[in-house]
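Throughout, protein chains are lettered first and strands after them, A, B, ... in sequence-line order, and every chain is numbered starting at 1.
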Amino acid sequence: MAKKQAAGRRYWLFKSEPESYSIDHLERDSQTFWAGVRNYQARNFLRDDIQVGDGVLFYHSSTEPMAIVGAMEVVKAGYPDHTAFDPKDHHYDPDSDPKSPTWYMVDVRFARKFAVPLTRDALKAQKGLEKMVLLQKGSRLSIQPVTAEEWRIIEELAKNSGKSGAHKG
DNA sequence: GCCAACGTTGGC
DNA sequence: GCCAACGTTGGC
């Protein structure tokens, strides 16, 4: 029981630059493998912690506006990132041996796109999200944990901004 | 476009 | 095993 705790659903946030892969790409594809993560801390989450059924927030980074734009669900837990083995792939890593892979990925499916993106500024202004990894100064983790409480607040925000968006103001 | 924060590499 | 140099991330 060391590895698979029977704990409940857990929550995460994945970053992506929308120019390379956006929520709209995911909606089009409906499912994808989240490849190309080349950071050990993020790798550990992918390999060891992220489980089928976990909820994942989709964050658009390095864009205007930076925002959480929707949600996904994990449909396959950590397995070797094959893009590391392909010399033609942008994420090729000659040090990753297929017999003992360095890098891992998970599969996610599109759950929903928020009616209104929850911008970084809005998140920063939101009570209860002060400790979000995303909002910590200098945080560069592209795969990061989200607490159940943070998830709840964000779901609520998404729901409410969706409503008010209909009648502006 | 700038640059601070961070992670990785490599000389010693 | 330290740490300076370097490359990258990503907010601003």
Original post:
Have A:Asp107 and A:Tyr79 got a donor and an acceptor in their side chains that come within less than 3.5 Å?
Top reply: yes
Subject >> Per-nucleotide protein contact string for nucleotides 2-12 of chain C, where B marks a base within reach and S marks sugar-phosphate only (heavy atoms under 4.0 Å, - for neither) >> reply: -----BBBBSS
Subject >> Short side-chain to backbone donor-acceptor contact, A:Glu150 and A:Thr147, under 3.5 Å >> reply: yes
Original post:
So does A:Arg43 pair up with A:Asp81, basic N to acidic O under 4.0 Å?
Top reply: no
Original post:
Salt bridge or not for A:Glu149 and A:Arg152, using N-O below 4.0 Å?
Top reply: yes
Subject >> Check ion pair A:Arg120-A:Glu64 (N to O, under 4.0 angstrom) >> reply: no
Could you pull out every donor-acceptor pair under 3.5 Å between side chains of residues 136-143 of chain A and any protein atom, sequence neighbours left out?
residue, atom, partner, partner atom, Å
A:Gln136, NE2, A:Glu130, O, 2.9
A:Gln136, NE2, A:Lys131, O, 3.4
A:Gln136, NE2, A:Met132, O, 2.8
A:Ser139, OG, A:Val133, O, 3.1

Original post:
Using rotation axes that map the C1' atoms of four end pairs onto the next four (five pairs an end), what angle separates the end axes of the helix from B:dG1-C:dC12 to B:dC12-C:dG1, to 10°?
Top reply: 10°
Original post:
Would A:His25 and A:Ser22 satisfy side-chain hydrogen bond (donor to acceptor under 3.5 Å, both in side chains), going step by step from the backbone distance to the final call?
Top reply: CA-CA 5 Å; A:His25 292 123; A:Ser22 72; 3.2 Å; yes
